[in-house]
Amino acid sequence: MRRDGQDDGAPGPAATGRNVPFYTIGQVASLLEVPTAQLRRLDEQEIVQPERSDGNQRRYSQEEIDRLREVLQLTDEGVTLPGVRKVLELRRRVDELEHELERERGEA
DNA sequence: ATTCTTACA
DNA sequence: TGTAAGAA
């Protein structure tokens, strides 16, 4: 890939032509200062699952890097991986309910 | 050179 | 969690 993080494994004529920055596991590891093995485990534990591309290599988007920052903060505070999974699950649920309230606010 | 998976201490 | 072997 291009070391500048501009590699996008999804070709497509209709693609919105934006060069979305993607990062390899190595780049993310040095950026967040965590071992690559930990990133792979977060993937296996279904906590942060990056896209894959080329030869099945992980490609992290900025959004996933942000999610990684949240997760690392939690684990640093002592939350276990199963715990983190539940926190993220609850966070998704809260977002869902917030959107629902927003909708109801619109109709009435 | 890097990353991937699987396995082991 | 960290590290190693072997394939990609």
Side-chain angles (χ1 to χ4, degrees):
Chain A
M1 74 163 307
R2 281 178 274 163
R3 147 275 276 92
D4 58 347
Q6 295 300 180
D7 184 321
D8 71 306
T16 36
R18 281 274 67 69
N19 270 7
V20 183
F22 269 76
Y23 303 84
T24 65
I25 194 174
Q27 293 174 313
V28 177
S30 45
L31 182 67
L32 302 181
E33 313 205 49
V34 297
T36 58
Q38 187 176 349
L39 296 179
R40 295 198 177 96
R41 275 162 184 150
L42 289 177
D43 184 359
E44 295 164 5
Q45 302 286 304
E46 309 185 276
I47 293 175
V48 175
Q49 301 162 312
E51 303 299 304
R52 298 301 187 108
S53 106
D54 330 71
N56 200 41
Q57 294 184 196
R58 279 167 257 251
R59 285 293 130 92
Y60 292 83
S61 67
Q62 182 57 56
E63 253 184 15
E64 289 165 328
I65 293 179
D66 292 339
R67 196 184 319 262
L68 240 20
R69 287 208 161 91
E70 294 180 55
V71 172
L72 293 177
Q73 182 175 343
L74 289 173
T75 56
D76 283 352
E77 292 170 1
V79 182
T80 63
L81 294 185
V84 171
R85 207 181 294 119
K86 293 201 171 185
V87 170
L88 295 181
E89 193 178 306
L90 290 176
R91 206 212 54 182
R92 279 192 293 278
R93 180 57 173 158
V94 170
D95 289 345
E96 188 183 334
L97 292 175
E98 284 179 338
H99 288 160
E100 193 175 312
L101 282 181
E102 212 175 294
R103 246 177 286 123
E104 290 176 19
R105 192 159 306 175
E107 21 195 284

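Below, read A as the first sequence line, B as the second, and so on, with proteins coming before strands; counting in each chain starts at 1. Everything numeric here is computed off the predicted structure, so don't read it as measured data.
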Checklist entry - If you walk 5' to 3' along DNA chain C, what is the first nucleotide with an atom under 4.0 Å of a heavy atom in chain A, and what is the last? => result C:dT1 to C:dT3
Item to check | Protein-to-nucleotide contact annotation, 5' to 3' order, nucleotides 3-9 of chain B [B base; S sugar-phosphate only; - none; under 4.0 Å, heavy atom] | outcome: SBB-B--
Checklist entry - side chain to side chain contact (heavy atoms under 4.5 Å, CB included) with A:V34: which residues, sequence neighbours excluded? => result A:L32, A:Q38, A:L39, A:L72
Checklist entry - Which residue pairs satisfy the salt bridge (charged side-chain N to carboxylate O under 4.0 Å, His left out) criterion with at least one member in residues 70-84 of chain A, sequence neighbours excluded? => result A:E70-A:R91
Next on the checklist: List the residues meeting side chain to side chain donor-acceptor pair (under 3.5 Å) with A:S61, not counting sequence neighbours, and say none if there are none.
Outcome noted: A:E64
Next on the checklist: If the condition is side chain to side chain donor-acceptor pair (under 3.5 Å), which residues does A:R105 pass it with, not counting sequence neighbours?
Outcome noted: none
Next on the checklist: Taking side chain to side chain donor-acceptor pair (under 3.5 Å) as the definition, give me every residue that meets it alongside A:E96, ordered by chain and number, with sequence neighbours left out.
Outcome noted: A:R93
Item to check | With sequence neighbours excluded, residues passing side chain to side chain donor-acceptor pair (under 3.5 Å) with A:E63 | outcome: none
Checklist outcome for this item: Residue pairs passing the side chain to side chain donor-acceptor pair (under 3.5 Å) test with at least one member in residues 43-52 of chain A, sequence neighbours excluded, are A:D43-A:R52, A:D43-A:R58, A:Q45-A:R85
